[in-house]
Amino acid sequence: QLQLVESGGGLVQPGGSLRLSCAASGVSLDLTAIGWFRQVPGKEREAVSCISRSGGGTNYPDSVKGRFTISRDNAKNTVYLQMNSLKPEDTAVYYCAGAPRCTTLTIAFGSWGQGTQVTVSS
């Protein structure tokens, strides 16, 4: 039973950086692709990144490309999201979830974590 826990969120000024962590337990993470998503009240959940099982493939939407970097350390059962040059519009609750492989279909992701709040404000 895969369980995921997000951490690393907090308050940061525009232009600042945060690193989010997605820690897995229950089963090994090395058989699962991991996606990061974010959501604000009244809005649809938005995918912001995904990393393949091996770590060799990554995906980003235009809204975060060049600013966010996803990585994984399977030995530590952890996936990271490094967020640089943060903007107020990045404010959201950030979630991680697993899927057999990276895909644009949100329905393919399960084992959602509880989320971590990121607030970008001056």
Side-chain angles (χ1 to χ4, degrees):
Q1 196 79 30
L2 176 64
Q3 298 182 27
L4 302 174
V5 178
E6 302 92 340
S7 63
L11 300 172
V12 64
Q13 296 186 51
S17 298
L18 286 173
R19 188 181 73 162
L20 306 184
S21 297
C22 175
S25 62
V27 299
S28 177
L29 194 59
D30 60 1
L31 298 178
T32 305
I34 295 293
W36 281 98
F37 303 79
R38 65 187 182 188
Q39 188 169 29
V40 299
K43 302 291 185 180
E44 296 285 342
R45 187 166 294 184
E46 175 191 17
V48 297
S49 190
C50 190
I51 187 166
S52 65
R53 291 164 51 186
S54 68
T58 58
N59 301 278
Y60 308 91
D62 290 341
S63 59
V64 308
K65 190 173 297 182
R67 300 188 298 117
F68 290 11
T69 303
I70 190 171
S71 62
R72 69 189 300 157
D73 186 341
N74 287 345
K76 296 181 178 179
N77 260 14
T78 302
V79 171
Y80 304 97
L81 184 67
Q82 179 67 45
M83 306 187 297
N84 299 325
S85 302
L86 284 163
K87 306 175 180 179
E89 51 262 45
D90 295 319
T91 296
V93 178
Y94 283 71
Y95 301 87
C96 61
R101 58 181 58 84
C102 287
T103 175
T104 58
L105 300 176
T106 305
I107 191 67
F109 289 85
S111 301
W112 294 86
Q114 296 301 305
T116 185
Q117 176 71 47
V118 172
T119 302
V120 185
S121 177
S122 59

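Predicted model only: the values in this text are computed from it and were never measured.
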Which one of T78, N77, L29 satisfies the side-chain contact (heavy atoms from CB on, under 4.5 Å) criterion with R72?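 Only one of T78, N77, L29 forms a side-chain contact (heavy atoms from CB on, under 4.5 Å) with R72, namely L29.
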Counting N and O atoms only, with roles assigned by atom type, does the side chain of E6 sit under 3.5 Å from a partner on the main chain of Q114, one being a donor and the other an acceptor?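 The answer is yes, because a donor-acceptor pair under 3.5 Å joins these two groups.
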Check: S21 side chain, A23 main-chain N or O, donor-acceptor pair, under 3.5 Å: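 Flag not set: sc S21 to bb A23 has no pair under 3.5 Å.
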How many angstroms lie between atom [atom1] of [X] and atom [atom2] of [Y], to the nearest 0.5 angstrom?
X    : Y   : atom1 : atom2 : result
S63  : D90 : OG    : CG    : 8.0 Å
M83  : T69 : CE    : OG1   : 11.0 Å
I51  : S71 : CD1   : OG    : 6.0 Å
I34  : L81 : CD1   : CG    : 12.0 Å
L20  : S49 : CG    : OG    : 11.0 Å
T119 : L86 : OG1   : CG    : 11.0 Å

Set out, in order, the CA-CA distance, both residues' side-chain angles and the distance that settles side-chain contact (heavy atoms from CB on, under 4.5 Å) for D30 and R53, then state yes or no. CA-CA 6 Å; D30 60 1; R53 291 164 51 186; over 6 Å; no
Could you check whether atom CD of E44 has more than 12 heavy atoms from other residues, nucleotides or ligands sitting under 6.0 Å from it?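 Incorrect, the count does not exceed 12.
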Does R45 make a cation-pi contact with F37, if we ask for NZ or CZ under 6.0 Å from the ring centre and within 45° of the axis?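 No.
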Would you check if R38 and V64 make a side-chain contact, meaning some heavy-atom pair closer than 4.5 Å?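 The answer is yes, as the side chains (C-beta and beyond) meet within the 4.5 Å cut-off.
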Carboxylate-amine/guanidinium contact K65 D62, below 4.0 Å: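 Yes, K65 and D62 are salt-bridged.
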side-chain contact (heavy atoms from CB on, under 4.5 Å) assessment of Q117 paired with T91: CA-CA 8 Å; Q117 176 71 47; T91 296; 4.0 Å; yes
When clusters are formed by joining ILVMFWY residues with side-chain heavy atoms under 4.5 Å apart, either directly or through shared neighbours, do L4 and V93 land in the same one?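 Cluster IDs for L4 and V93 differ.
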Does T103 form a side-chain contact (heavy atoms from CB on, under 4.5 Å) with F109? I'd like the steps, not just the answer. CA-CA 9 Å; T103 175; F109 289 85; 3.9 Å; yes
Taking the six-membered ring for Trp, are W36 and F68 closer than 6.0 Å centroid to centroid?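 Not under 6.0 Å, so no.
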